[in-house]
Amino acid sequence: MASLAEKRKADVEEGPVDPRARPEELRLLEALLFASSEPLDQTALAKRMPDGVDIKAALAQLQAEYASRGVNLVRVANKWTFRTAGDLSWLMTRESTETRRLSRAAIEMLAIIAYHQPVTRAEIEEIRGVITSKGTLDVLLETGWIRPRGRRKTPGRPLTFGTTEAFLSQFSLEALSDLPGLEELKGTGLLDSRLPSGFSVPAPSDDPALRDDEEPLEIGDLELALAPAVEPEKDDGN
Amino acid sequence: MASLAEKRKADVEEGPVDPRARPEELRLLEALLFASSEPLDQTALAKRMPDGVDIKAALAQLQAEYASRGVNLVRVANKWTFRTAGDLSWLMTRESTETRRLSRAAIEMLAIIAYHQPVTRAEIEEIRGVITSKGTLDVLLETGWIRPRGRRKTPGRPLTFGTTEAFLSQFSLEALSDLPGLEELKGTGLLDSRLPSGFSVPAPSDDPALRDDEEPLEIGDLELALAPAVEPEKDDGN
Amino acid sequence: MSAEILSFETGRPADFAADEPALVVDVEGYEGPLDLLLALARQQKVDLARISILALADQYLVFIEAARKIRLELAADYLVMAAWLAFLKSRLLLPEPPNADGPSAEEMATALANRLRRLEAIREASNRLMNRPQLQRDIFPRGEPESIAEIRHPRFTATLFDLLTAYAAQRQQRVLASVHLAKRTVWSLTEARASLERLVGMAEDWSRLDEYLINYVVDPSQKATVFASSFAAALEMVREGAVELHQKQAFAPLYFRKRPPQTFDAMAAPDLPVE
């Protein structure tokens with residue numbers, strides 16, 4: 001059948017062709033399949049077509065004709081329908097960017113990761129005094145501003161998080177050390193100057209080299225951590 | 001354009017052709033136009049196509065390629081879309097959904113609005129020599145083929161009516177100037193009731209821009225005129 | 001107008017052939033007098049531009065007369081048109097007055113002919129329009145359009161200021177949080193009084209206030225508030241005459257008891273708690 005189709009195709013597209021020589025049944029099939037709101041099987045097509053038409057051969061010919069086009073005639077579950085060519089699926093998507101504001105919880109978490117990195121989720125919760133919702137961490141991972149960088153050498157081996165280069169560029173920082181320290185925060189009035197003496201703000205560093213209490217990520221950790229719907233620390237037992 | 005299109009068509013269909021030689025932009029256009037449920041204008045197509053493609057030429061070529069097929073590329077209201085070939089309507093009856101049967105009065109009224117637009121209800125009645133029932137106007141508004149487009153700057157500030165893009169699409173008209181018999185009508189000088197014969201007759205126009213003797217609709221006018229299918233351009237340029 | 005279908009012989013104006021088929025009139029089918037005139041005009045089988053308005057007026061008047069004879073209720077429009085045509089007819093038949101105002105009878109006739117032509121033209125146009133291939137009747141769009149998938153890329157916004165404010169506020173809040181906790185452990189006067197009343201009910205004799213209070217002081221940091229509130233509550237109860245309070249000297253333990261029934265002796269020499 002395929003060879004017949006190819007031969008016919010050659011007749012149609014490659015030979016010197018009088019357009020009227022294209023069999024009328026191809027026009028009929030084209031129109032029926034195009035207008036139908038669902039794929040049609042051979043029987044349904046035969047019912048609608050004039051008697052005596054070799055539906056099978058006509059379909060094969062039509063399929064061959066459309067094979068190289070932007071729209072192909074495809075068979076789905078023994079029914080025929082026109083579909084956009086598979087290689088053009090990119091054309092069928094529209095990309096759009098939507099601006100989203102981070103939630104307060106996400107910004108807090110991001111700030112703690114920035115200052116305290118490498119830091120585990122449990123440590124973030126300890127600092128914030130609240131349990132972090134999984135969604136907040138997912139959103140932060142989606143921003144691309146944080147990354148899981150290793151695992152803490154403690155029971156449960158929790159993931160440690162740090163900031164990325166994208167973080168620096170988002171906040172126009174040359175280096176993480178440009179984040180203001182305790183005195184600068186007090187100077188700008190963001191921190192109360194009467195804070196207890198033990199209060200400190202760490203000098204942050206995003207040095208990718210693992211700390212002594214960190215061990216490297218394993219294969220699969222990244223996928224786990226980056227998959228938006230997966231709980232990054234779900235196995236940590238924290 | 002037509003001659004270019006024919007020439008290209010000849011290249012594609014009549015010469016010995018390597019299928020891969022068919023320009024990729026035709027595949028892309030095909031796919032976009034096949035997939036869309038709405039006619040697309042050149043700008044919309046250009047947005048989705050790679051830069052540097054001569055959309056106009058490609059459309060002409062595609063139109064020529066499909067001219068003899070069961071599915072044609074047609075232009076309605078200056079937008080492009082694939083439609084089944086008109087001569088195959090006998091085959092397509094089963095696809096036909098319940099089509100609205102308009103009363104004679106409604107059909108006449110539609111024609112008067114199409115050929116005389118913008119036109120007021122009183123002017124329609126003057127041509128038909130009879131009072132129009134409110135129901136007839138409602139039925140027409142429900143089809144989405146006509147819309148109130150402004151108010152005539154005359155005592156009583158009557159609403160003016162015009163046709164919509166859906167009207168052009170329904171009757172496969174590229175533009176209002178394709179209305180059948182429009183030239184003859186203009187020739188008789190009968191088109192404009194307000195002018196003595198012999199004066200130059202203004203062509204009907206569905207240009208949403210208001211005429212000199214029209215003023216914009218006000219808030220509430222649209223509800224008043226019962227318009228479930230009012231065109232999006234209702235606010236354009238008004 | 002009534003919905004009957006009438007069939008009757010038209011009157012025979014001079015220029016009509018005798019074998020003219022009878023005009024079958026579905027009165028309700030007419031869309032007003034102009035429509036009726038047009039239908040009558042078509043009977044003349046000539047181009048509307050060359051139609052005899054005089055003959056048409058006659059035909060119309062005959063129709064109206066016939067309709068009235070069988071008492072068909074005619075809408076006012078039809079009668080107005082009949083009156084106007086009768087007037088036009090008389091004008092057309094009489095010689096034109098030498099200096100009449102307004103349009104001449106010929107001009108009026110032409111205007112009517114033009115209205116008829118226009119109506120006929122628009123009808124023709126509407127027929128041609130309706131005979132065009134119509135969408136969903138003759139030609140069809142793609143039955144199963146493919147939707148365009150929308151891929152949304154979120155772009156997050158946050159400023160360094162947001163970040164620092166959030167960090168500072170968060171850290172500070174945690175440091176200050178313990179102060180708030182301490183505040184919540186204040187023992188209210190109401191609580192103190194309720195406890196004392198319970199105790200007075202149990203102990204008839206002198207009891208040491210501080211010994212009793214120890215039961216309430218779980219956290220040493222609360223000692224001050226519990227003591228202060230209880231002392232204030234006790235003083236209040238003394239003022240009300242419910243209890244008696246006794247202290248030997250400054251900073252000595254406080255004793256209290258339920259106030260016994262009043263007697264003169266007791267008033268004169270109250271018995272005191274034994275150390």
Side chain, backbone, both or neither: which part of [X] has a heavy atom under 4.5 Å from chain C?
| X | answer |
| --- | --- |
| B/F82 | backbone |
| B/A85 | backbone |
| B/L179 | side chain |

B/D213/B/R152 ion pair, N-O < 4.0 Å: yes

With B/S172 via side chain to side chain donor-acceptor pair (under 3.5 Å) - residues at least two apart: none

Please evaluate residues C/R128 and C/E124 with respect to the criterion salt bridge (Lys or Arg N to Asp or Glu O under 4.0 Å), reporting the C-alpha separation (whole Å), side-chain torsions for both, the decisive distance (0.1 Å), and the verdict. CA-CA 6 Å; C/R128 290 176 67 178; C/E124 235 177 77; 5.4 Å; no

For salt bridge (Lys or Arg N to Asp or Glu O under 4.0 Å), just list the numbers for B/E30 and B/R22, CA-CA rounded to whole Å, side-chain angles, deciding distance to a tenth of an Å, and then say yes or no. CA-CA 12 Å; B/E30 240 164 21; B/R22 185 164 179 262; 2.5 Å; yes

Using a 4.5 angstrom heavy-atom cutoff, name the option from C/A111, C/A125, C/G32 with the most pairs to chain B. C/A125

